[in-house]
Amino acid sequence: ETGMCYPSESGLAATFDTDLARSEGNGIAEDLMHASMGDSSTIYAAMYAPGANIHRTPYSGRNGEYYSEDGMLTGLIAAWECKGIEEKGVHVYNKHCVVNDQETCRHGVCVWVSEQALREIYLRAFELPITMGGAYNTMASFARIGTISGSACSALGTDFLRGECGMKGIIVTDCY
């Protein structure tokens with residue numbers, strides 16, 4: 001058996017190449033479909049990726065999974081990668097929405113950010129994959145936005161993701 005190798009999200013974003021992002025998305029979706037063919041009891045219809053969170057601090061444990069520190073660049077590259085995945089019939093769960101800043105003690109950390117910065121930087125990275133890339137689902141952050149859990153924040157899930165962006169899928173959490 002051979003495996004497929006893809007660059008990290010940061011490496012992909014550094015190219016500024018939306019065609020490459022879409023092509024990578026197609027390849028990832030095809031890999032998932034191929035993996036499903038070997039075992040009829042396992043069907044990969046969705047994936048917990050890509051990581052569209054922002055590099056907010058160099059100490060974040062997930063920066064290798066996220067595209068960049070720029071909301072527009074992250075949003076555009078994620079949108080085209082999502083488009084490539086979704087057009088093959090595999091759904092994405094963009095993660096971790098939003099301000100997932102650390103891995104150590106990440107369960108319930110309170111993150112403080114102004115609404116302007118939240119909209120211009122952090123939410124843009126999740127808006128564009130939905131509005132441009134057809135991303136169907138989202139995975140919630142472990143963090144709290146201020147004092148409200150990201151997975152229970154109706155302003156984020158209902159008002160923004162579903163209302164403003166038009167997301168049609170579900171919001172999941174990998175929190176136990």
Under 3.5 Å, side chain of [X] to main-chain N/O of [Y], donor-acceptor pair present?
| X | Y | value |
| --- | --- | --- |
| Tyr93 | Val172 | no |
| Arg162 | Gly169 | yes |
| Tyr6 | Gly27 | yes |
| Thr15 | Leu12 | yes |
| Asn137 | Ile170 | yes |
| Asn53 | Asn100 | yes |
| Thr74 | Asp70 | yes |

Output the distance between atom [atom1] ([X]) and atom [atom2] ([Y]), rounded to the nearest 0.5 Å.
| X | Y | atom1 | atom2 | answer |
| --- | --- | --- | --- | --- |
| Thr131 | Glu127 | OG1 | CD | 5.0 Å |
| Lys168 | Ile130 | NZ | CD1 | 10.0 Å |
| Ile54 | Leu123 | CD1 | CG | 9.5 Å |
| Asn63 | Ser10 | CG | OG | 6.5 Å |
| Tyr122 | Glu115 | OH | CD | 14.5 Å |
| Ser114 | Arg119 | OG | CZ | 11.5 Å |

Is there side-chain contact between [X] and [Y], with at least one heavy-atom pair below 4.5 Å?
| X | Y | result |
| --- | --- | --- |
| Ile171 | Met167 | yes |
| Thr138 | Lys95 | no |
| Pro129 | Val92 | no |
| Cys82 | Pro50 | yes |
| Pro7 | Glu24 | yes |

Closest heavy-atom contact between [X] and [Y]?
| X | Y | answer |
| --- | --- | --- |
| Gly51 | Glu9 | N-OE2, 4.0 Å |
| Ala52 | Asn94 | CB-OD1, 4.4 Å |
| Ala143 | Val111 | CB-CG2, 4.0 Å |
| Tyr67 | Ala78 | CE1-CB, 3.5 Å |
| Tyr136 | His91 | CB-ND1, 3.3 Å |

Could you see if [X] belongs to whatever hydrophobic cluster contains [Y]? Use Ile, Leu, Val, Met, Phe, Trp, Tyr and a side-chain cutoff under 4.5 Å.
| X | Y | answer |
| --- | --- | --- |
| Met47 | Met139 | no |
| Phe160 | Ile121 | yes |
| Leu20 | Trp80 | no |
| Phe126 | Val113 | yes |
| Leu128 | Val99 | no |

Is it the case that the side chains of Ser151 and Thr173 hold a donor-acceptor pair, with the cut-off being a distance below 3.5 Å and no angle test? no
According to the salt bridge (Lys or Arg N to Asp or Glu O under 4.0 Å) rule, which pairs have a member within residues 51-64, sequence neighbours left out? Arg56-Asp101, Arg62-Glu65, Arg62-Glu103
Hey, can you tell me if His55 and Tyr66 have their rings parallel, tilted or perpendicular (30° and 60° cut-offs)? tilted
Carboxylate-amine/guanidinium contact Glu120 Arg124, below 4.0 Å: no
Sole residue of Glu86, Glu87, Glu81 in salt bridge (Lys or Arg N to Asp or Glu O under 4.0 Å) with Arg22: Glu87
